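In what follows, a structure is listed as structure tokens, so that the remarks can point back to it.
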Amino acid sequence: MKILILNGPNLNLLGVREPGIYGSSSFEQYLPTLRERFSSVEIEYFQSNIEGVMIDKMQEVGFSYDGIVLNAGAYTHTSVALHDCIRSLRCPVIEVHISNVHTREEFRHHSMISAACRGVICGFGLDSYRLAVSALVEESRKD
């Protein structure tokens, strides 16, 4: 099984950016734990601050991988292009957020991509990624 974890803008600053909201660990520090927990799954990680690069990456893997875990960052709330890309893919996409976006600023309460995703997980810190990978693994067992 192959899963892409794709992080969007400013998520390269995890561990530095607003640690009260996003925690004090970088994603690179967390990734080995995730890979160890899901040792039978090939987990690829990619981060970009650029919407078009994120779309290119999803199109590159979205027809051959078993799933995508997507934290689109601020693009969640603005990007019809990401929504359209997700709808075009064969593999399921799970939207994740580290914080509970519904307890934050009003503009974060609406996602442009949720309707195109298989599911949404938010508010569990970096563990949101584990929950998403677990959901994709369980879903693949049903097929």
Side-chain angles (χ1 to χ4, degrees), residues 1-18 21-23 25-143:
M1 181 168 200
K2 292 173 82 171
I3 294 174
L4 170 68
I5 295 175
L6 177 58
N7 276 342
N10 301 309
L11 292 167
N12 57 308
L13 297 177
L14 289 176
V16 176
R17 175 188 176 207
E18 299 180 273
I21 295 172
Y22 299 105
S25 292
S26 71
F27 195 81
E28 289 78 4
Q29 290 170 316
Y30 175 71
L31 187 56
T33 303
L34 197 60
R35 285 181 170 146
E36 183 178 325
R37 180 161 188 144
F38 297 98
S39 58
S40 64
V41 178
E42 183 180 330
I43 298 174
E44 179 183 346
Y45 173 61
F46 188 81
Q47 187 278 330
S48 178
N49 292 318
I50 302 169
E51 182 181 34
V53 172
M54 293 173 65
I55 290 168
D56 287 343
K57 187 65 175 179
M58 286 194 294
Q59 289 177 357
E60 175 188 319
V61 305
F63 298 93
S64 59
Y65 279 38
D66 299 292
I68 297 172
V69 174
L70 173 62
N71 185 339
Y75 289 136
T76 300
H77 317 291
T78 62
S79 182
V80 173
L82 284 175
H83 172 103
D84 290 348
C85 176
I86 294 164
R87 286 223 185 258
S88 73
L89 304 177
R90 284 196 191 120
C91 75
V93 177
I94 304 219
E95 175 185 347
V96 299
H97 300 283
I98 295 166
S99 68
N100 181 348
V101 294
H102 303 288
T103 63
R104 297 186 60 200
E105 303 93 339
E106 182 70 30
F107 71 87
R108 295 186 197 276
H109 297 187
H110 179 73
S111 169
M112 296 296 288
I113 65 173
S114 291
C117 291
R118 183 69 48 96
V120 180
I121 298 171
C122 71
F124 294 97
L126 291 176
D127 204 36
S128 296
Y129 294 91
R130 178 192 60 82
L131 295 168
V133 171
S134 182
L136 288 170
V137 168
E138 288 302 314
E139 185 169 285
S140 76
R141 291 181 181 155
K142 293 176 186 175
D143 293 340

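We use all heavy atoms of the structure for the numbers below, so side chains are in, but hydrogens, waters and symmetry mates are not. Bear in mind that the values here come from a model prediction, so they are computed numbers and not experimental data.
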Salt bridge (charged side-chain N to carboxylate O under 4.0 Å, His left out) with R118: which residues, sequence neighbours excluded? E139
Indicate yes or no for a side-chain donor-acceptor contact from S128 to the backbone of H97 under 3.5 Å, with no hydrogens or angles considered. yes
Rounded distance (nearest 0.5 Å) linking atom CD1 of I113 with atom OG1 of T78: 9.5 Å
V61 and L6, any side-chain heavy atoms less than 4.5 Å apart: no
Shortest non-hydrogen separation from K57 to E44 and the atoms involved: NZ-OE2, 2.6 Å
Taking all atoms of both residues into account, what is the closest heavy-atom pair of Q29 and P32, and its distance? O-CD, 3.5 Å
Does some side-chain heavy atom of L4 sit less than 4.5 Å from a side-chain heavy atom of E60? no
d(C117 SG, R87 CZ) to nearest 0.5 Å is 9.0 Å
Check whether any side-chain heavy atom of I5 lies under 4.5 Å from a side-chain heavy atom of L34, and answer yes or no. yes
For the side-chain contact (heavy atoms from CB on, under 4.5 Å) test, which of L89, I86, I3 pairs with I68? L89
Any chance CZ of F38 has more than 12 other-residue heavy atoms, nucleotides or ligands included, within less than 6.0 Å? yes
Side-chain donor or acceptor of Y30 paired with backbone N/O of L126 under 3.5 Å: yes
Return the minimal non-hydrogen interatomic distance between M54 and S48, and the atom names on each side. SD-O, 3.8 Å
Residues passing the salt bridge (charged side-chain N to carboxylate O under 4.0 Å, His left out) test with D127, sequence neighbours excluded, are R130
Is there a side-chain contact between L136 and M1 (heavy atoms, below 4.5 Å)? yes
Any donor-acceptor N/O pair, N49 side chain to N10 backbone, under 3.5 Å: yes
Given side chains that start at C-beta, do those of F27 and Q47 come closer than 4.5 Å, heavy atoms only? no
Spatial distance of atom OG (S134) from atom CZ (R37) [nearest 0.5 Å]: 7.0 Å
Is any side-chain heavy atom of C85 closer than 4.5 Å to a side-chain heavy atom of Q59? yes
Could you tell me whether the side chain of D66 and the main chain of K2 form a donor-acceptor pair under 3.5 Å? yes
What closest approach, in Å, do A72 and P9 show between heavy atoms, and which atom pair accounts for it? O-CD, 3.4 Å
Pair Y45, N7 - check side-chain contact (heavy atoms from CB on, under 4.5 Å), show working. CA-CA 8 Å; Y45 173 61; N7 276 342; 3.2 Å; yes
Looking at side-chain heavy atoms only, is the closest gap between I98 and Y129 below 4.5 Å? yes
Where do S99 and C122 come nearest, in terms of heavy atoms and distance? O-CB, 3.6 Å
Under 3.5 Å, is there a donor-acceptor pair between the side chain of T76 and the main chain of G73? yes
Backbone of E51 reached by a side-chain donor or acceptor of Y75 within 3.5 Å: yes
